[in-house]
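What follows is a set of notes on a single structure, which appears directly below.
Proteins come first, then strands; the chains are lettered A, B, ... in the order of their sequence lines, and each starts at number 1.
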Amino acid sequence: MRRSKQFTRTLRDAPADEVARNAQLLIRAGYVYKVMAGVYAYTPLGLRVLERIKQIVREEMDSVDGQELIMTNLQHKTTWQRTGRWDDEVVDVWFKTALQDGTELGLAWSHEEPIMEMMQQFVKSYKDLPQSVYQFQTKLRNELRAKSGIMRGREFIMKDMYSLHATEEDCDRYYESVIEAYKRCYDRFGIGDSTFVTFASGGAFTKFSHEFQTITDAGEDTLYINDEHTVAVNEEVLDDATNELGIDKASLKPVTTAEVGNIFKFGTEKSEQMGIYYTAADGSQKPIYLASYGIGITRVMGVIVEKFADDKGIVWPVQIAPYQVYLVSIGEKGSQKADELYKELTDHGIEVLYDDRDARPGEKFADAELIGLPYRVTVSERGVEAGTYEFTERQSGETSILTHEELLAKLGELLG
RNA sequence: CGGGGUGUGGCGCAGUUGAUAGCGCGCUCGGUUUGGGACCGAGAGGUCGAAGGUUUGAGUCCUUUCACCCCGACCA
């Protein structure tokens with residue numbers, strides 16, 4: 001992509017109404033556009049990041065036999081009345097609307113009940129189980145107060161997966177496999193080292209749920225972890241969990257974290273509340289075991305910005321970056337050579353954001369750092385004369401002078 | 001929802017005791033520049049969040065209202 005053709009531009013100053021670092025940087029660099037409090041649009045640049053995150057999650061969910069689908073944002077009142085969760089006293093984040101004839105509808109804040117209602121039509125027998133379905137879906141939650149930029153909005157994108165099982169053992173086994181799939185996701189996002197599977201407050205069925213929490217100062221949660229990083233407990237269940245696990249509370253130290261995933265088991269509660277049963281081998285009607293698994297896609301994006309950004313701007317892990325290379329041309333000779341390199345790299349399947357604007361080097365460098373692509377290649381007049389290219393890593397700031405051959409080899413090595 | 005704060009060109013801001021809006025960035029045109037956000041010159045762009053009121057006169061005072069931010073509460 002040529003920057004001269006992109007409609008987004010960078011801003012020197014962040015809007016005064018944003019305090020959250022992730023929102024400031026994402027707006028300045030042109031990844032998101034704020035529509036209202038807690039509601040952000042994603043530009044082509046931002047969308048690319050979301051798609052990267054989604055693709056990783058998609059691959060990992062597929063690896064545990066998840067089947068991707070997409071539910072709807074308009075939901076039946078009656079669906080939620082089956083579990084008593086239509087009531088505003090029970091769920092306080094509902095956006096509600098109505099058809100012209102007065103029929104009340106809900107706007108999706110979650111999809112547990114709608115998924116179960118749909119699955120009722122397909123899952124009739126023990127032979128139809130287990131099943132696991134997931135989606136990337138826009139969730140609408142009427143939060144009292146939006147905050148933390150894209151980390152806690154009223155509209156956000158979430159991957160939610162639901163697994164249905166005939167037995168508790170099967171559900172438990174599957175649940176464990178999803179934990180492993182989740183770990184692979186966070187590893188691939190580049191935040192695996194600082195993300196912990198955490199004991200958190202549970203649902204009605206299990207004592208604890210599991211949260212995936214990433215260490216970041218921008219987080220809203222406090223986690224207690226041991227030195228070996230093998231035990232992590234959310235502050236909200238610290239006493240209960242340490243008692244249950246027989247762990248000395250004093251051996252755990254607090255860290256500030258942001259929740260980047262939450263998984264939990266419903267047992268047969270949802271199935272029983274909704275009156276959804278399958279036929280067992282002996283012909284009897286049995287309730288379905290349900291578990292659900294969420295990853296906030298937009299939130300992950302925000303957390304990654306918060307974690308890695310420096311005083312110059314965003315620093316994307318290479319797997320998440322919207323493009324891998326920021327190509328800078330300097331001067332007319334540099335520009336000609338950069339055109340050639342742009343085509344060559346693109347032909348090699350490398351995704352390049354090419355700063356071909358008629359702008360001064362300082363401005364291009366500043367933008368490169370703000371936008372935060374992992375690698376910058378600079379093509380200048382002096383480089384053209386010497387037959388070299390400048391290669392700079394965003395994270396370390398290290399620069400090396402490479403020949404054409406060396407540059408291609410380097411990129412090939414780094415980008416596979 | 002309780003408390004606090006802020007709304008003035010796209011972004012960041014100034015506007016003294018009321019007298020009909022200004023600066024920086026950005027944008028347009030011309031020229032000089034070209035390795036860390038250049039310089040000179042000429043321009044475009046704002047019913048000062050909205051409504052009502054006081055006044056000869058309101059960005060400025062009063063009332064109401066909307067939006068945004070922060071703290072708290074809330075948060076499968």
Side-chain angles (χ1 to χ4, degrees), chain A residues 7-20 23-24 27-30 33-39 83 85 88-94 108-113 115 139 141-149 151-154 156 158 160-162 198 200-206 208-212 219-221 234 236-237 258-259 261-266 269-270 290-296 299 312-313 328-335 355 357-371 376 378-386 390 392 397 399 401:
Chain A
F7 73 82
T8 51
R9 59 164 58 253
T10 57
L11 294 173
R12 242 184 234 251
D13 302 305
D17 68 355
E18 288 287 5
V19 171
Q24 287 188 341
I27 290 171
R28 281 187 55 212
Y33 169 79
K34 183 180 198 169
V35 174
M36 63 184 80
V39 180
T83 58
R85 294 213 289 179
D88 290 327
E89 298 292 313
V90 178
V91 173
D92 64 1
V93 293
W94 269 120
W109 66 277
S110 174
H111 288 83
E112 285 143 4
E113 278 78 344
I115 286 267
K139 307 286 183 182
R141 294 188 184 177
N142 201 350
E143 302 277 0
L144 247 49
R145 180 184 164 206
K147 59 187 260 188
S148 306
M151 288 173 64
R152 180 160 172 194
R154 295 197 168 93
F156 56 94
M158 183 163 157
D160 45 326
M161 183 163 81
Y162 306 88
T198 308
S201 56
F205 188 73
T206 48
F208 304 112
S209 72
H210 292 96
E211 287 173 346
F212 292 79
E220 299 178 296
D221 291 322
N234 193 309
E236 63 191 21
V237 295
E259 182 191 319
N262 190 195
I263 64 176
F264 39 92
K265 299 173 188 171
F266 283 100
E269 184 194 37
K270 196 69 66 184
L290 176 71
S292 97
Y293 318 83
I295 292 181
R299 171 175 275 218
K312 291 175 176 169
V328 172
S329 66
I330 298 177
E332 265 184 48
K333 284 184 195 164
S335 180
D355 197 341
R357 298 171 303 166
D358 180 22
R360 296 170 69 85
E363 187 176 348
K364 294 190 180 187
F365 293 153
D367 268 9
E369 281 148 0
L370 177 61
I371 290 171
R376 185 181 90 205
T378 306
V379 183
S380 64
E381 307 230 359
R382 59 163 96 137
V384 171
E385 282 163 20
E390 205 172 285
T392 307
T399 292
I401 307 296

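Taking atom P on both nucleotides, B:U54 is separated from B:U63 by 15 Å, rounded to a whole Å. Spacing between B:G22 and B:A44 at atom P, rounded to whole Å, works out to 12 Å. Going from the P atom of B:C74 to that of B:U6 covers 28 Å, rounded to whole Å. A distance of about 27 Å separates the C1' atoms of B:U64 and B:U17, rounded to the whole Å. B:C48 and B:U20 have their C1' atoms separated by 11 Å, with the value rounded to a whole Å. The C1' atoms of B:G26 and B:G10 are separated by 7 Å, rounded to the nearest whole Å. Distance check on atom P: B:C11 versus B:G7 gives 14 Å, rounded to whole Å. Here the separation of B:G45 from B:G9, taken at their C1' atoms, is 6 Å to the nearest Å.
Nucleotide B:G49 holds its C1' atom 13 Å from the CG atom of A:D17, rounded to whole Å. We find that CG of A:D13 is positioned 14 Å from P of B:C27, with the value rounded to whole Å. Straight-line distance from the CD1 atom of A:I263 to the C1' atom of B:A76: 12 Å, rounded to whole Å. Distance A:R154 CZ to B:C68 P: 7 Å, rounded to the nearest Å. Distance A:M151 CE to B:C75 P: 18 Å, rounded to the nearest Å. Protein atom CD of A:E363 is 13 Å distant from nucleotide atom P of B:C25, rounded to whole Å. At whole-Å resolution of the value, CZ in A:R357 and P in B:A38 are 11 Å apart. Counting to the nearest Å, the P atom of B:C13 and the CG atom of A:L11 are 13 Å from each other.
Counting non-hydrogen atoms under 4.0 angstrom, A:D92 reaches the backbone sugars and phosphates but no base. Residue-level contact check: A:R85 touches the bases, meaning some heavy atom is under 4.0 Å from a base atom. Nucleic acid contact for A:E259: none, since no nucleic acid atom lies under 4.0 Å from a heavy atom of the residue. Counting any heavy atom pair closer than 4.0 Å across all strands shown, A:K34 reaches sugar-phosphate atoms only and no base atom. Among the atoms of the strands shown, base atoms are found under 4.0 Å from some heavy atom of A:E390. Among the protein residues, A:R376 comes within range of the nucleic acid bases, having at least one heavy atom under 4.0 Å from a base atom. Within the 4.0 angstrom heavy-atom criterion, no nucleotide atom of any strand lies near A:E220. At the heavy-atom level, A:A14 lies under 4.0 Å from the strands shown only through sugar-phosphate atoms. Looking at heavy-atom distances under 4.0 Å, A:R382 makes contact with a base.
Using modelled atom types, one side-chain atom of A:R154 and one backbone atom of A:E143 make a donor-acceptor pair closer than 3.5 Å. For the pair A:R28 (side chain) and A:T10 (backbone), a donor-acceptor distance under 3.5 Å is absent. Counting only distance, with no hydrogens or angles, the side chain of A:E18 and the backbone of A:A23 share no donor-acceptor pair below 3.5 Å. Looking only at distances, no side-chain donor or acceptor of A:W94 sits under 3.5 Å from a matching main-chain atom of A:A108. Under the 3.5 Å distance criterion, the side-chain polar atoms of A:N262 are matched with a main-chain donor or acceptor of A:H210.
A:K364 pairs by the salt bridge (Lys or Arg N to Asp or Glu O under 4.0 Å) definition with nothing, not counting sequence neighbours.
Nucleotide B:G52 has B:C62 as its partner under the Watson-Crick or G-U criteria, with both atom distances under 3.5 Å. Remark: B:G41 base-pairs with B:C29; criterion is Watson-Crick or G-U wobble with both hydrogen-bond distances under 3.5 Å. Base pairing analysis places B:U17 opposite nothing; no Watson-Crick or G-U wobble pair with both distances below 3.5 Å involves it. The partner of B:G2 is B:C71, judged by Watson-Crick or G-U wobble contacts that both fall below 3.5 Å.
In this structure, A:D358 CG and A:E332 CD are separated by 9.0 Å, a value rounded to the nearest 0.5 Å.
Of the listed nucleotides (B:G37, B:G12, B:A76), B:G12 has the atom at the smallest distance from the side chain of A:P15. With distances taken from any side-chain atom of A:I330 to the nucleotides B:A38, B:G35, B:C11, the minimum falls on B:G35. Listed candidates were B:G35, B:C13, B:G36. Nearest to the side chain of A:A16 is B:C13. Distance from the side chain of A:R141 is smallest to B:A76 among B:A76, B:C70, B:C13. Of the candidate nucleotides B:G37, B:A76, B:C69, B:C69 has the atom lying nearest to any side-chain atom of A:A37. Side-chain proximity of A:W109 to the nucleotides B:G36, B:A76, B:G37 is greatest for B:A76. Closest to the side chain of A:R360, out of B:A76, B:G37, B:A38, is B:A38. The side chain of A:R9 approaches B:G26 more closely than any other nucleotide in the set B:G26, B:C70, B:A76. When distances are taken from the side chain of A:E143 to each of B:C74, B:G35, B:C27, the shortest belongs to B:C74.
A residue-by-residue look at A:F365 and A:E18 shows that A:F365 has its nearest nucleotide of RNA chain B further toward the 5' end. Comparing A:D221 and A:D367, the nucleotide of RNA chain B nearest to each residue sits closer to the 5' end for A:D367.
Closest approach of A:G334 to A:V384, counting heavy atoms only: CA-CG2, 4.0 Å. Smallest separation of non-hydrogen atoms from A:A20 and A:S148: CB-C, 3.6 Å.
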What does the list of N/O pairs under 3.5 Å between the protein and nucleotides 71-73 of chain B look like, with a distance for each?
| residue | atom | partner | partner atom | Å |
| --- | --- | --- | --- | --- |
| B:C71 | OP2 | A:R145 | NH2 | 2.4 |
| B:G72 | N7 | A:R145 | NH1 | 3.4 |

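Remark: A:R376 is positioned above the aromatic ring of A:F365, its terminal NZ or CZ atom under 6.0 angstrom from the ring centre and at most 45 degrees off the axis.
Around NZ of A:K34, the count of heavy atoms belonging to other residues, nucleotides or ligands within 6.0 Å exceeds 12.
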